[in-house]
Amino acid sequence: MSELSAAFVRLHARLAPVAFVPEVRLHQADEPIGLWELTEGEFRSSQPPPFWAFAWAGGQALARHVTDHPEVVAGRRVLDLASGSGLVAIAAARAGATAVRAVEVDERAVAAVALNAEANGVRVDAELGDVLDADAGDAEVVLAGDVFYSEAMARRMLRFLLRAARSGARVLVGDPDRAFLPRERFHALATYDVPVSEALESVRVKRTTVWELDPNPPGTRRRGQ
Ligand SMILES: C[S@@+](CC[C@H](N)C(=O)[O-])C[C@H]1O[C@@H](n2cnc3c(N)ncnc32)[C@H](O)[C@@H]1O
């Protein structure tokens with residue numbers, strides 16, 4: 001973890017319980033706008049927006065689900081893809097996963113995952129990189145919270161998740177009805193009303209579903225994706 005990134009996370013976010021998963025504490029920003037400007041805005045710099053400073057609806061639902069249903073991850077190797085704050089990875093570790101790998105493309109997110117894991121007294125291997133064109137390694141369960149927010153991300157993410165599922169991994173995603181979720185590929189496991197930041201989402205609560213990927217759903221078997 002870069003010391004500079006860790007210092008940035010400590011300076012601009014404070015440890016607080018997650019609204020829908022209060023068992024987990026994360027470094028979170030009180031309000032997004034100031035921090036967003038500090039990272040120079042999504043379109044004005046090479047710095048990514050500070051996704052790591054918020055517990056997104058999809059991640060909160062997935063973390064709640066794993067916490068309430070530890071059998072999903074207990075005794076298994078877990079990959080948390082696009083981990084952000086590390087919320088889902090931490091929930092998986094708390095629920096008894098044997099190993100948890102959290103992958104992120106944002107260096108500050110990697111620092112946040114490491115600091116947050118430490119604050120919650122669990123071990124998570126936080127890794128910087130883009131693995132979407134590779135495979136899920138030895139993961140038995142792949143978790144991804146709130147990753148279908150852009151068309152480009154959704155396309156790459158689906159391909160990765162399908163490869164993982166077809167190699168035998170169980171694949172769960174949390175999604176609050178984002179525009180690019182390929183719903184026909186999934187079946188719903190649970191739905192929650194998740195408290196969210198009004199400044200980010202324009203609403204206070206988002207209905208959010210935990211979905212499981214069907215590697216070969218009817219009607220898609222011949223497409224060979
Ligand atoms: C909306 S946030 C969700 C974070 C977290 N999973 C949650 O639900 O709170 C999306 C995250 O995806 C990360 N991301 C974007 N592209 C990625 C990629 N190719 N590989 C890994 N992470 C990526 C971003 O840095 C960001 O932290």
Side-chain angles (χ1 to χ4, degrees), residues 5 8-9 13 16-21 24-29 32 35-36 39 42 45-67 78-93 100-117 120 124-137 139 142-161 163-164 171-181 192 194-197 199-201 206 208-211:
S5 293
F8 187 92
V9 171
V18 174
F20 200 53
V21 195
V24 175
R25 293 189 318 144
L26 298 176
H27 287 84
Q28 298 174 76
L35 181 58
W36 212 279
T39 55
E42 188 168 6
S45 100
S46 55
Q47 279 295 336
F51 287 115
W52 53 266
F54 307 96
W56 295 83
Q60 290 199 66
L62 202 45
R64 182 75 266 150
H65 191 71
V66 161
T67 300
V78 171
L79 168 64
D80 175 26
L81 199 54
S83 191
S85 62
L87 169 60
V88 173
I90 291 164
V100 183
R101 179 182 171 214
V103 178
E104 253 296 336
V105 287
D106 178 357
E107 190 177 332
R108 286 177 182 153
V110 172
V113 173
L115 289 172
N116 288 332
N120 287 274
V124 170
D125 294 318
E127 183 180 318
L128 179 66
D130 186 336
V131 298
L132 290 186
D133 295 325
D135 61 40
V142 177
L143 303 172
D146 232 312
V147 291
F148 290 103
Y149 55 87
S150 84
E151 193 170 5
M153 173 84 154
R155 201 178 310 120
R156 294 186 68 214
M157 185 60 70
L158 179 63
R159 283 199 211 106
F160 177 92
L161 296 178
R163 277 198 303 280
V171 176
L172 268 55
V173 312
D175 187 274
D177 208 19
R178 301 281 185 221
F180 302 104
L181 173 77
Y192 304 97
V194 176
V196 290
S197 156
L200 282 176
E201 303 277 16
K206 266 202 168 279
T208 305
T209 300
V210 172
W211 300 92

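One is the number of the first residue; the rest follow in order along the sequence. All ligand and atom numbering here is 1-based and tracks the order in the structure. Note that the structure is predicted; figures quoted are calculated from it, not measured.
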Less than 6.0 angstrom from the centroid, inside 45 degrees of the normal: does R108 satisfy that with respect to the ring of F8? yes

Please compare F51, W56, F160, F148 and report which has the shortest non-hydrogen distance to atom 9 (O) of ligand 1. W56

Please check this pair: side chain of D146 against backbone of G58, looking for a donor-acceptor N/O pair closer than 3.5 Å. yes

For atom 12 (O) of ligand 1, what's the nearest protein heavy atom and its distance? A82 CB, 3.2 Å

Would you mind listing which atoms of ligand 1 come within a distance below 4.0 Å of any non-hydrogen atom of D146? 1 (C), 3 (C), 8 (O), 10 (C)

Which atoms form the tightest heavy-atom contact between L128 and E107, and what is the distance? CD1-N, 3.6 Å

Mark up the atoms of ligand 1 that fall under 4.0 Å of a heavy atom belonging to G59, in ascending order. 7 (C), 8 (O)

Does ligand 1 have any atom that is closer than 4.0 Å to a heavy atom of D130? yes

With side chain to side chain contact (heavy atoms under 4.5 Å, CB included) as the criterion, how do L172 and H65 come out once you've worked through the C-alpha distance, each side chain's angles and the decisive distance to 0.1 Å? CA-CA 10 Å; L172 268 55; H65 191 71; 4.2 Å; yes

Who's the nearest protein heavy-atom neighbour of atom 25 (O) of ligand 1, and how far? E104 OE1, 2.7 Å

Atom 10 (C) of ligand 1 [closest protein heavy-atom partner, distance rounded to 0.1 Å]: Y149 CE2, 3.5 Å

For ligand 1, which atoms have a heavy atom of S83 less than 4.0 angstrom away? 5 (C), 6 (N)

With a 4.5 Å cut-off on side-chain heavy atoms, are V66 and V78 touching? no

Among all protein heavy atoms in this structure, tell me which lies nearest to atom 3 (C) of ligand 1, with the distance rounded to 0.1 Å. G145 O, 3.4 Å

Specify side chain, backbone, both or neither for M153, according to which of its non-hydrogen atoms lie closer than 4.0 Å to ligand 1. side chain

Run the contact test for W52 against ligand 1 with a 4.0 Å cut-off on heavy atoms, strictly below, and give the result. no

Can you check side chain to side chain contact (heavy atoms under 4.5 Å, CB included) on V210 and R64, steps first, answer last? CA-CA 10 Å; V210 172; R64 182 75 266 150; over 6 Å; no

Given W56, which of F51, F148, Y149 fulfils the ring-ring contact (aromatic ring centres under 6.0 Å, His included) condition? F51

Looking only at heavy atoms of S85, does any of them come nearer than 4.0 Å to an atom of ligand 1? no

So is V105 close enough to ligand 1, meaning a heavy atom under 4.0 angstrom away? yes

Numbering as shown, the atoms of ligand 1 that approach G84 to under 4.0 Å (heavy-atom distance): 4 (C), 27 (O)

Show the nearest heavy-atom pair for residues G174 and L62, with the distance to one decimal. N-CD2, 3.7 Å

With side chains defined as the heavy atoms from C-beta onward, is the minimum distance between W211 and L181 less than 4.5 Å? yes

Looking only at heavy atoms, the pair that brings A57 and K206 closest together is CB-CB, 4.3 Å

Assess V88 for proximity to ligand 1: is some non-hydrogen atom of it under 4.0 Å away? no

